[in-house]
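This report refers to the structure that appears directly beneath it.
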Amino acid sequence: TIEDDLGQGLRLRRASALLEAAIPRAARLGAQPRCARVLQSLSRLTMALSEGAYRATEEQRARDKEAEEQEARLSALAARLCYLGSTGVPPRWSHLGWLQPSGAPLALAREGGQVILAAGAIGAGKSPALLALLEAALFPRPALTSATLPPTAAVVFHCDLTGVTLPELLHSLRPNDREADRALLAQALWTEPAGLPRLRLVVPRDQLEATYARVRAELGELPAGLSILPLAFPLGALGALGLESLLGVDPDDPPRYLQEVLAEAQELGEELTCGALAMAIEASAAIPEWLKEQALARLRLLERIEDPRADLWDLVEPGVLTVVNLSGRWLRRGEALPLIVALLNAFAQHSPRHGAFQRILAVDEINRLRGAPALWAALTTTARQIRHFGSVLWLSGQDLLNVPEELLALATQLLCFRLRSPKLFAHLQRNSAGLARVRFSRISRLRPGHALVVAAEASQPELRGRPQLIYVRPPSCAH
């Protein structure tokens, strides 16, 4: 009814004004039949329209007032923000948490490349921290991000060699249902819980059916926004550095015979296949037999996922979280790292389909990965490349003992959550001057969600290179 139409205040006011002007004209027609009934109807309609217009106006005023208050709150938040990854105030940022004990809000600058390393025991807060970073990177949200963000795609590698668990990130499609988290988000950031809008779970083709069955068994029907896709791409999409990691080549000192094989692969370009590369390796008399066996074994692994007709950029897209599930008994411990390094390099390349966009590439539970020094050297080179391209690389694990010093030295931010072993913390201290004077007893007493952060760059000089206690905000999506 007209009385209930409260969303059209301007139209209602105009209609009411026209009717008010019509009443005197109708009164002058008093000698005509049914004039009294017309006047009565016009009067009732005018009153109804006036009431609806009044209520619509009041509601609009309330909305305007709420918008002004929200703008004032956001301005106050921005004025207090401290930034990691930038020496000044960046135009675009993602909220990370709060400095302790001051409570000053903390954000990660979205300009320039970042390498973030995080270490902590199970339940210390690494995974929620990663999720908080991811959700504040994919699309703008008041208080959680700046007003605009660069187009960003997120890729997380999940490695569970037992093959019995699904990635926990699948739950991020639902809103956070933890009462304490919801209360903090509402009180400190005026934010309602919300799940991620889109998530792609990428698995080897021969695991598609089993993955669908496991998702339905654990989550019921497929959640809205979830796509399950086969891990498939042409071998040429890996790039030179990706092929080097698969072949076990040290990127800083590749032997001549492998350079020849890689040159042949480069000549094949988009026509490169596992079969063609295997023939080139087998035909080389200079490659030692043990290295041939290693390279051919890794190519056999790739045959499971190679598809010359596939497009790598079907898997990754700005605004979407892609979870690459490398779990399963088909993948041995020594095979995960070369495949991850190769895919990291591929996902960091320019996308002809999507154009320029930022990436957040994350490898969780890196302590589970094993590989030869050449593989770690390849990962270090890839990390430099990702940072150079202006994207973000996140590496986290219960410990970082297997991470080489060269890679630790690339960290622009080091997050140390609660640790239970002095040995693990001593390893971090040897490779981070900012932690040199921190006692292990302080680290062992950290509460969940709390961490010491050492940042190479920060907007406040006192934050640079020094350990700062922070509380990482809970994500607004489920975790």
Side-chain angles (χ1 to χ4, degrees), residues 83-88 90-94 96 106-119 126 129-130 133-134 136-138 146 149-157 238-242 244-245 250-252 316 318 322 324 337 340-351 354-364 366 369 371 374-397 400 402-416 428 431-434 453-459 463-465:
Y83 301 96
L84 301 180
S86 174
T87 56
R92 297 179 290 191
W93 49 267
S94 297
L96 185 62
L106 188 66
L108 179 70
R110 297 297 306 281
E111 311 297 324
Q114 310 285 345
V115 177
I116 304 173
L117 299 182
K126 302 185 305 297
L130 171 59
L133 175 64
L134 293 174
L138 295 176
S146 51
L149 289 176
T152 304
V155 182
V156 178
F157 292 89
L238 296 180
L241 185 58
E244 288 176 359
S245 65
D250 186 339
D252 296 325
V316 176
T322 298
V324 181
L337 184 58
I340 288 174
V341 175
L343 289 172
L344 281 173
N345 180 72
F347 291 142
Q349 302 303 315
H350 172 73
S351 168
H354 304 308
F357 65 95
Q358 197 177 82
R359 284 85 161 164
I360 293 184
L361 305 170
V363 183
D364 198 7
I366 197 170
L369 303 179
L375 276 174
W376 289 104
L379 179 56
T380 302
T381 301
T382 301
R384 290 194 185 100
Q385 179 176 277
I386 292 170
R387 183 178 175 184
H388 176 71
F389 288 164
S391 289
V392 177
L393 176 64
W394 168 288
L395 302 173
S396 58
L400 302 178
N402 53 343
V403 178
E405 294 180 1
E406 293 80 3
L407 184 50
L408 289 170
L410 288 179
T412 55
Q413 283 89 34
L414 174 62
L415 294 170
C416 184
L428 293 180
N431 293 280
S432 176
V453 60
V454 178
E457 294 182 346
S459 56
L463 301 181
R464 299 170 196 162

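What you see below is based on every heavy atom in this structure, not just the backbone, and it leaves out hydrogens, waters and symmetry mates. Numbers for residues simply follow the sequence, beginning at 1.
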Is there side-chain contact between L379 and V363, with at least one heavy-atom pair below 4.5 Å? no
Could you report the tightest heavy-atom contact between R110 and T152, atom names first, then the distance? NH2-OG1, 2.7 Å
Rounded to the nearest 0.5 Å, how far does CG of L130 lie from CG of L395? 10.5 Å
Might you confirm whether atom NE2 of H354 has over 12 heavy atoms from other residues, nucleotides or ligands at distances under 6.0 Å? yes
Find the distance between NE2 (H350) and CZ (F357) and round it off to the nearest 0.5 Å. 9.0 Å
Does L133 reach the side chain of I116, with side-chain heavy atoms less than 4.5 Å apart? yes
Output the distance between atom OG1 (T381) and atom CD (E406), rounded to the nearest 0.5 Å. 10.0 Å
Between I340 and L369, the two heavy atoms sitting closest are CD1-CD1, 3.9 Å
Measure the spacing between CG of L393 and CG of L407 and express it to the nearest 0.5 Å. 7.5 Å
For G390, does its backbone N or O pair with a side-chain atom of Q358 as donor and acceptor, under 3.5 Å? yes
Is S146 reaching over with its side chain to a backbone N or O of W93, donor-acceptor style, under 3.5 angstrom? yes
Can you check whether L361 reaches S391 side chain to side chain, under 4.5 Å on heavy atoms? no
Treating Q349 as the side-chain partner and N345 as the backbone partner, does any N or O pair qualify as donor plus acceptor under 3.5 Å? yes
Is the side chain of R359 donor-acceptor paired with the backbone N or O of A153 at a distance under 3.5 Å, no angle test? no
Flag side-chain contact, heavy atom, 4.5 Å: L337 against W376: yes
When you check the side-chain N and O atoms of T412 and R387, is any donor under 3.5 Å from an acceptor? no
One should read off an interatomic distance between S86 OG and Q114 CD, to the nearest 0.5 angstrom, of 8.5 Å
Atom of L400, atom of G397 and distance for their closest heavy-atom approach: CD2-N, 4.3 Å
Between R464 and A456, the two heavy atoms sitting closest are CB-O, 4.2 Å
Tell me, do F157 and L344 make a side-chain contact under 4.5 Å, heavy atoms counted? yes
Are the side chains of I386 and V115 in contact, using a 4.5 Å heavy-atom criterion? no
For A137 and L149, the nearest pair of non-hydrogen atoms, with its separation, is O-CD1, 3.8 Å
Looking only at the side chains, is there a donor atom on one of T87 and E457 sitting less than 3.5 Å from an acceptor on the other? no
Taking the side chain as C-beta and beyond, is there a heavy-atom pair between L428 and C416 under 4.5 Å? yes
State, yes or no, whether a side-chain contact exists between N431 and V403 at a heavy-atom distance under 4.5 Å. no
Nearest non-hydrogen partners of L238 and A342, listed with the distance: CD2-O, 3.8 Å
